[in-house]
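The structure appears right after this line, and notes come after that.
Chain letters run A, B, ... following the sequence lines, proteins first, then strands; residues in each count from 1.
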Amino acid sequence: MSEPFYITTAIAYPNGKPHIGHAYEAIATDAIARFQRLNGREVCFVTGTDEHGLKMDQTARGLGKATRDLADEMSSYFKNMCTTLDISFDHFCRTTADSHHIASQAIWKRLEANGDLYLDRYEGWYSVRDEAYYDEGELTDGEGGQKLSPQGTPVEWTVEESWFFRLSKYEQPLLEYYAANPGFMRPDSRKNETIKFVEGGLKDLSVSRTSFDWGVKVPGSENHVMYVWLDALTAYISAIGFPDDTEEWRKFWPASVHIIGKDIVRFHTVYWPAFLMSARLPLPKMVFGHGFLLSRGEKMSKSLGNVVDPMELAQLFGVDALRYFLLREVSFGQDGSYSPEAIVTRVNADLANSFGNLAQRTLSLIFKNCEGYLPRIHDHHGDDQALLELVGNAVSFHIPAHFEELAMSQALEAWMQAVFACNAYVDVQAPWALKKTDPARMETVLATLFICIAQLAIAVQPIIPGSAIKLLDQMGVPRDVRNFGHAGSHWYSPLAEGGFQIAQPIGLFPRLELPAEQGASA
RNA sequence: GGCGAAGUAGCUCAGCUGGUUAGAGCGGUGGAAUCAUAAUCCAUAGGUCGGGGGUUCAAGUCCCUCCUUCGCUACCA
């Protein structure tokens, strides 16, 4: 019986085209989803776009477009990015979908039925230009006694009618939930921040707006639209059928993990659980806040001009190279640094030189010396056993254990250790020399390597699915053993005895070169 | 200001609940090999583990303090 596994990325706000951070999150989440599938779990993977809110409306207006058209266009960029990057989502949700509006209104009614919504006035110093409220203390005095926001824009005392959510009521329940579920928030640093924040006291939350209408209408108050976060978070349940009692809903909620950026941890660890408690729905099992990608150690920003287009990187270096780099180089949960040099160095060292070359040299030897037929295993040498054991342990024990902990970089480190062991084995055994001195021994060595390489390819599928599958195809490894449960089973002999023959091997991990012109124009 | 994270070899980083000569990858250096994507393998490079103090038989690993960087939060009436 496989336990269902429901994983989501954050639902991206498509106010601009996707940047490397969106790609990173999607890739990391995809790797986890793929791992769980290969580990025998029934997986549901949801990603999508959160398209409501004032900013979308304003952006559209600025471009002279209908908001809906802009949302369609921007959302498509995100979906295309996922397709390009081999993101294996099951649902790409859009908050503008009718079904999502229905779900949002349904959860609203649940909050209301629970007595957690009330109509009040939201008042404060409001900057029309910033579209934001400020505290008295944040303001400065401008000319003629005009109050100014921290951004230097004029503010006015504004009163707006708003629905409020009794967040304060959930202060204790949340703290109790955190205490009872230590694994709910990860990494720990984010957990501490959240707990401190809640302990500091929660104020009721304004959950509707009347100043614009690009959103989900509040049931019974048609001049209000729902607060974007209430609407956006609901996407995690509307995507799998809520409020209908669908099979998917029953199977997959509560989510196993929400993968999000560290900047939106609070929305997922405070507001979202509170909404769910109020709605009498189970809470997600884990919220993981990953770090940011820095460009050469610096924050990416439009003004610095160092914003990276993930599609360009994928085009330049290859999808799998990009995926491998991000998951190997960045410790999941921490910030990471990116640069073209780092990608080239890492990918060449690990994928091209170590693993790619290992596969290529082994398959070439089999192709040339065995006419492409898989060599027989004659007798087991101690060295063979040792290598098989080492690789076997990595593939069926260490690597999955790290994946399970969402420690992709460590999973890959363990993977590389096994790759190194294979290369060392090749050099010691020197099958090219055995060809004349002891052909039977050569066959055993090549067979041993073939088995190990196949297992390594199986284990790395979550990270670099495209090339791993191509390699496994070249090697004729049966589909039903391409997972963590069966990688170590005895599939080799049947494959060899079945007369499988490899073709001239094709290199799958080309060496990368640094693009010649980098940042030439200022 | 409060809370928290980080500061380890040239570079990027591992080092769990304290315990033999502080680890890996990349780079550098010296060998070996030539099957393979000029890829691989072996050996090596002598870092006061940010500074100082303390606890302990023993601290990178605990406590205090200071410095630097970063995050969250508060305040600047």
With a 4.0 Å cut-off on heavy atoms, is Gln334(A) in touch with a base, just the backbone sugar-phosphate, or nothing at all?
sugar-phosphate
Would you please classify the geometry between the Phe275(A) ring and the Tyr271(A) ring as parallel, tilted or perpendicular, with 30° and 60° separating the classes?
tilted
Rounded to whole angstroms, how far apart are NZ on Lys196(A) and P on rC72(B)?
17 Å
Ignoring the backbone of Arg266(A), work out which of rG71(B), rU12(B), rU73(B) is nearest its side chain.
rU73(B)
In residues 385-404 of chain A, which residues come under 4.0 Å of RNA chain B by heavy atom?
none
Please report the distance separating the C1' of rA6(B) from the corresponding atom of rG60(B), rounded so that it comes out in whole Å.
14 Å
Nearest-Å distance for atom pair CD/P, residues Gln410(A) and rC16(B)
11 Å
Rounded to whole angstroms, how far apart are CG on Leu358(A) and P on rU40(B)?
11 Å
Could you work out the separation of rC16(B) and rG10(B) based on their C1' atoms and round it to a whole Å?
29 Å
If I compare all heavy atoms of Gln461(A) with all of Arg482(A), which pair ends up nearest, and what's the gap?
NE2-O, 3.2 Å
Rounded interatomic separation in angstrom, taking CD from Glu199(A) and C1' from rC72(B)
14 Å
Within 45° of the six-membered ring axis of Phe197(A) and under 6.0 Å from that ring's centre, is NZ or CZ of Arg266(A) located there?
yes
Assess whether salt bridge (Lys or Arg N to Asp or Glu O under 4.0 Å) is satisfied between Arg441(A) and Asp384(A), documenting all intermediate values.
CA-CA 11 Å; Arg441(A) 177 69 196 139; Asp384(A) 312 336; 2.8 Å; yes
When Pro510(A) and Glu413(A) are each assigned the nearest nucleotide of RNA chain B, the 5'-most assignment goes to Glu413(A)
Nearest-nucleotide wise, let me know which of Asn423(A) and Arg328(A) is further upstream toward the 5' end of RNA chain B.
Arg328(A)
Summary of protein contacts for nucleotides 26-35 of chain B, nucleotide by nucleotide, where a base hit scores B, a sugar-phosphate-only hit scores S (4.0 Å, heavy atoms)
S------SSB
With a 4.0 Å cut-off on heavy atoms, is Ala352(A) in touch with a base, just the backbone sugar-phosphate, or nothing at all?
base
Side chain of Asn357(A) (C-beta onward), nearest among rC42(B), rG71(B), rA36(B)
rA36(B)
Rounded distance in Å between the P positions of rU68(B) and rU21(B)
35 Å
Measuring only the P atom in each nucleotide, how far is rU69(B) from rC76(B)? A whole number of Å is fine.
25 Å
Using the P atom on both, measure rA24(B) against rC41(B) and round to a whole Å.
14 Å
Which label fits Tyr24(A) and Phe332(A): parallel for a plane angle under 30°, tilted from 30 to 60°, or perpendicular past 60°?
perpendicular
In whole angstroms, the gap separating C1' of rA14(B) from CD of Glu405(A) amounts to 16 Å
Looking at rU44(B), which nucleotide sits across from it as a Watson-Crick or G-U wobble partner, both distances under 3.5 angstrom, or is there none?
rG28(B)
Parallel, tilted or perpendicular, judged at 30° and 60°: which one describes the rings of Phe165(A) and Tyr170(A)?
parallel
Are more than 12 heavy atoms, taken from residues, nucleotides or ligands other than Lys435(A), located less than 6.0 Å from that residue's NZ atom?
no
Suppose we screen for salt bridge (Lys or Arg N to Asp or Glu O under 4.0 Å). Which residues come up paired with Glu193(A), at least two apart in sequence or across chains?
Arg190(A)
Separation of rC70(B) P from Leu294(A) CG (nearest whole Å)
11 Å
Taking the P atom in each of rC49(B) and rA9(B), what is the distance between them to the nearest angstrom?
10 Å
Can Phe35(A) and Phe484(A) be said to form a ring-ring contact (aromatic ring centres under 6.0 Å, His included), step by step?
CA-CA 9 Å; Phe35(A) 162 72; Phe484(A) 285 91; 5.2 Å; yes
Whole-Å gap separating P (rG25(B)) and CH2 (Trp415(A))
16 Å
Do Lys285(A) and Phe184(A) meet the cation-pi criteria used here (NZ or CZ under 6.0 Å from the six-membered ring centre, within 45° of the axis)?
no
Only pairs with both distances under 3.5 Å count, Watson-Crick or wobble alike; so what is the partner of rC76(B) in this structure?
none
For Tyr338(A) and Phe325(A), take the angle between the two ring planes, folded into 0 to 90°, and tell me which bin it lands in: parallel under 30, tilted 30 to 60, perpendicular over 60.
perpendicular
Residue matched to rU68(B) through Watson-Crick or wobble contacts both under 3.5 angstrom:
rA6(B)
Which whole-number value in Å describes the distance from Asn348(A) CG to rU12(B) P?
20 Å
What interatomic distance, in whole Å, is found between C1' of rG28(B) and the corresponding atom of rG47(B)?
16 Å
Taking the same atom, C1', in rA59(B) and in rG18(B), what whole-Å distance lies between them?
6 Å
